[in-house]
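Heads up: the structure comes next, in structure tokens.
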There are 2 protein chains.
Amino acid sequence: MNFISNPKQKDWPKLAERAKGSEKGMIESIVQSVFNRVKKEGDQAVLNYTKKFDQIDLSSMEVSEKELKSQANKVALRLQNAIALAFDNIKKFHQAQEIKKQEITTTKGVVCWREQRGIDTVGLYIPGGTAPLFSSLLMLGIPAQLARCGQIIICTPPDKSGEITPSIAYVATLLGKVRVFKVGGAQAIAAMTFGTESIPKVDKIFGPGNRYVTTAKQLATNYNVAIDMPAGPSEVLVIADESSNPEFVAADLLSQAEHGDDSQVILLATNEQILEKTMQAIQQQLKNLPRAAIAKEALNQSRFLLFNDIKEAFSFSNYYAPEHLILALENPRQYIPWIQNAGSVFLGNYSCESAGDYASGTNHTLPTNGFAKNYSGVSLDSFVKKITFQELSKEGIQNIGPAIEILAEAEGLAAHKYAVSIRLKTLKNV
Amino acid sequence: MNFISNPKQKDWPKLAERAKGSEKGMIESIVQSVFNRVKKEGDQAVLNYTKKFDQIDLSSMEVSEKELKSQANKVALRLQNAIALAFDNIKKFHQAQEIKKQEITTTKGVVCWREQRGIDTVGLYIPGGTAPLFSSLLMLGIPAQLARCGQIIICTPPDKSGEITPSIAYVATLLGKVRVFKVGGAQAIAAMTFGTESIPKVDKIFGPGNRYVTTAKQLATNYNVAIDMPAGPSEVLVIADESSNPEFVAADLLSQAEHGDDSQVILLATNEQILEKTMQAIQQQLKNLPRAAIAKEALNQSRFLLFNDIKEAFSFSNYYAPEHLILALENPRQYIPWIQNAGSVFLGNYSCESAGDYASGTNHTLPTNGFAKNYSGVSLDSFVKKITFQELSKEGIQNIGPAIEILAEAEGLAAHKYAVSIRLKTLKNV
């Protein structure tokens with residue numbers, strides 16, 4: 001951990017730096033060759049890659065309904081109940097995001113509005129194996145269903161016996177009306193980008209993954225496929241004052257640090273003691289952490305910063321633009337107006353990041369790597385397009401037509417002007 | 001024009017093909033070299049490119065307030081009045097898009113909501129010279145102001161005497177609180193991507209442009225800058241029935257065709273006579289069109305398709321996913337539920353595309369090239385981030401904490417679980 005007292009603004013760029021991915025060029029070239037082969041050879045290429053990378057020789061990739069149910073049945077009842085609670089909360093929060101159609105009369109006779117339509121085919125990539133993220137399937141599948149997407153395609157890697165993770169199968173059955181394929185890695189993203197004999201081409205790809213998967217998603221955008229957002233390692237920034245509980249803060253920082261050795265955790269405080277006590281609590285908690293080795297790696301890149309001025313701490317936070325921002329502060333709501341850049345914000349001592357990761361209802365697919373400056377997290381919006389509509393009556397075109405003629409003429413677009421003139425002329429002659 | 005009667009579904013991919021940009025690789029390599037130099041040399045590189053491409057040797061790029069006013073004053077009063085009408089309508093329509101903060105209690109003691117924040121620094125690219133698009137500055141500047149973006153940077157190329165287009169200067173003064181720079185082409189996009197001594201680095205770049213500009217915007221996304229949407233040539237699809245007026249339809253098709261030789265216009269009808277009459281009207285109107293040569297080029301790639309079944313016509317339209325969709329149909333509102341993919345829809349004989357291009361209030365920055373399948377047009381949403389917030393009370397964490405512990409454990413994330421356990425334990429001990 002790096003401890004820095006009152007860093008000068010000129011040092012902020014260095015302090016806000018994220019871990020750089022190594023071997024970027026190598027990964028890109030491997031992924032491009034996966035894309036080329038899947039585009040050309042379809043299913044056969046995908047099956048070959050699955051044999052090579054997942055060490056399983058499959059004859060078909062789609063998970064049958066029977067197979068899905070049989071895997072889902074392996075999920076213990078207590079986990080089923082916990083998933084049900086998370087499902088309800090995520091659904092409630094995302095349901096409220098639907099825009100209501102609102103017709104606006106901008107000028108008499110000119111009515112404009114927007115309507116929402118689900119993206120037709122969406123592809124959800126869900127990591128499986130040793131780190132199965134069924135929670136990501138909740139976070140992506142629920143808004144996809146609410147958006148009434150035409151087809152929901154799920155790709156998740158098979159284990160060495162050719163089966164998918166039971167918890168992922170269980171969530172898939174809860175969602176219903178989804179198609180699940182046993183395929184992981186860059187080959188899954190390539191298959192959803194081009195479509196193969198068995199896997200449909202999708203319009204937009206969502207979901208987390210390792211560097212091969214995130215590189216593949218970026219590459220997919222070159223082939224007219226949209227993606228949820230650019231990827232980067234996970235991160236949390238905590239701002240703490242005297243009202244914070246060092247054990248809670250330590251636990252929140254560690255729950256980020258255990259994600260991966262490139263995770264980043266930042267603690268800002270206005271009081272040196274808070275930093276020290278939190279450090280001590282971290283050392284204590286690390287002892288019992290199964291993923292302590294990973295967390296320690298991540299902590300090496302973490303920063304503990306002391307700010308004399310709480311406002312300055314918020315300025316740094318906005319500069320950093322954290323994926324997760326925890327305000328372990330007294331009366332946290334008073335600071336909300338100061339927040340400009342963050343993915344998701346957790347207020348007070350009892351709003352731990354784990355709550356948002358799993359079950360409070362907010363989405364956990366959030367912008368990292370500073371992208372909270374220019375991207376929102378995943379929401380219902382991510383699964384829909386908003387189409388604008390307009391209807392002009394005869395009176396409407398008469399009211400705004402003359403202005404349009406002048407505007408079109410000023411841009412040198414005579415046909416644009418004529419499309420109005422011919423209508424106005426016809427109406428005059430009636 | 002290509003006339004095809006009842007095309008089979010297997011031929012749809014070919015009929016929905018867009019014009020392919022030639023010289024893509026060459027343009028990419030030029031743009032990359034512009035980026036490299038601007039990143040390294042800043043203002044000096046930008047000034048050198050301006051001298052080379054715009055044939056003007058500038059000493060500084062920022063347009064002073066005095067200069068802006070003096071250019072704005074050149075705009076005739078009738079154009080000022082027309083701009084005022086468009087400004088009002090665009091503002092009214094986009095103002096209604098603001099999301100209202102809505103706190104959702106997902107479980108007792110767990111409150112979640114979203115808040116909107118303007119993206120801090122946005123860059124608007126506005127073509128000038130022979131095709132000045134002051135209307136694009138209205139369409140981008142108004143929502144940027146409504147979103148309360150921190151800084152609005154406008155780049156627009158200078159003319160050969162080193163001045164910017166008066167109508168663009170006029171709209172800039174109406175917007176207020178903007179900074180305008182005399183710089184065009186890929187060098188403008190590079191400057192906003194990296195920032196130079198005089199031009200700020202921006203978080204998101206918007207606006208239309210030639211192939212160099214759109215290639216540069218795509219490249220900018222490799223450097224953590226967001227863009228409004230991927231680019232493609234403009235297009236319109238009209239569905240017409242017996243109630244349509246062939247002269248109106250012809251004028252709408254031509255107002256798309258005059259944009260550029262790669263523009264695409266498509267007419268679908270359920271009656272051969274409509275197609276024939278519209279063709280005749282096009283030939284007639286072409287005679288008086290200043291940009292007839294461009295329009296004729298575009299018409300070469302256009303398609304006139306006859307469908308026996310109106311529902312089939314809508315299926316083709318959804319497959320094509322047009323930027324602009326005009327329903328020259330009787331009782332057009334009855335067809336709205338059939339529309340899945342389109343950028344903006346114009347209903348009935350008096351809703352010409354020019355209305356939406358300039359003054360009805362809807363945005364004219366729309367997804368082309370089939371991107372209406374997975375992207376929305378520009379709206380207030382494009383200029384904001386939506387941040388999620390959550391606040392759990394002691395009761396809240398007690399209500400959902402046990403479920404979170406089970407979920408985190410199932411994903412093998414012990415620290416995530418512990419962040420909840422330590423809180424529940426503390427509450428038990430109180």
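In what follows, every heavy atom counts, from backbone to side chain, and hydrogens, waters and symmetry copies are set aside. So you know, we letter chains A, B, ... as the sequences are listed, proteins then strands, and number each from 1.
Contact count against chain B (heavy-atom pairs under 4.5 Å) is highest for A:C112 among A:S393, A:G109, A:C112, A:A76.
Heavy atoms closer than 4.5 Å to chain A are found nowhere in B:Q116, neither backbone nor side chain. Interface remark: A:T107 contributes backbone and side-chain atoms alike to the contact with chain B (heavy atom separation under 4.5 Å). For A:P332, the part lying near chain B is the side chain, with the backbone staying farther off; criterion is any non-hydrogen pair under 4.5 Å. Neither the backbone nor the side chain of B:F383 comes within contact range of chain A; no heavy atoms are under 4.5 Å apart. At a 4.5 Å heavy-atom cutoff, the contact between A:L85 and chain B is made by side-chain atoms alone. Heavy-atom distances place the backbone of A:N349, and not its side chain, under 4.5 Å from chain B. Contact annotation for A:E405: neither backbone nor side-chain heavy atoms come within less than 4.5 Å of a heavy atom of chain B. Looking at A:F371, only its side chain comes within 4.5 Å of chain B, counting heavy atoms on both sides. Heavy atoms of A:Q398 lying under 4.5 Å from chain B are absent altogether. Heavy atoms closer than 4.5 Å to chain B are found in both the backbone and the side chain of A:E391. Contacts between B:L392 and chain A at a heavy-atom distance below 4.5 Å involve backbone atoms as well as side-chain atoms. Of the two parts of A:R423, the backbone and the side chain both hold a non-hydrogen atom closer than 4.5 Å to a non-hydrogen atom of chain B.
The shortest heavy-atom contact between B:S351 and B:I326 is O-CG2, 4.5 Å.
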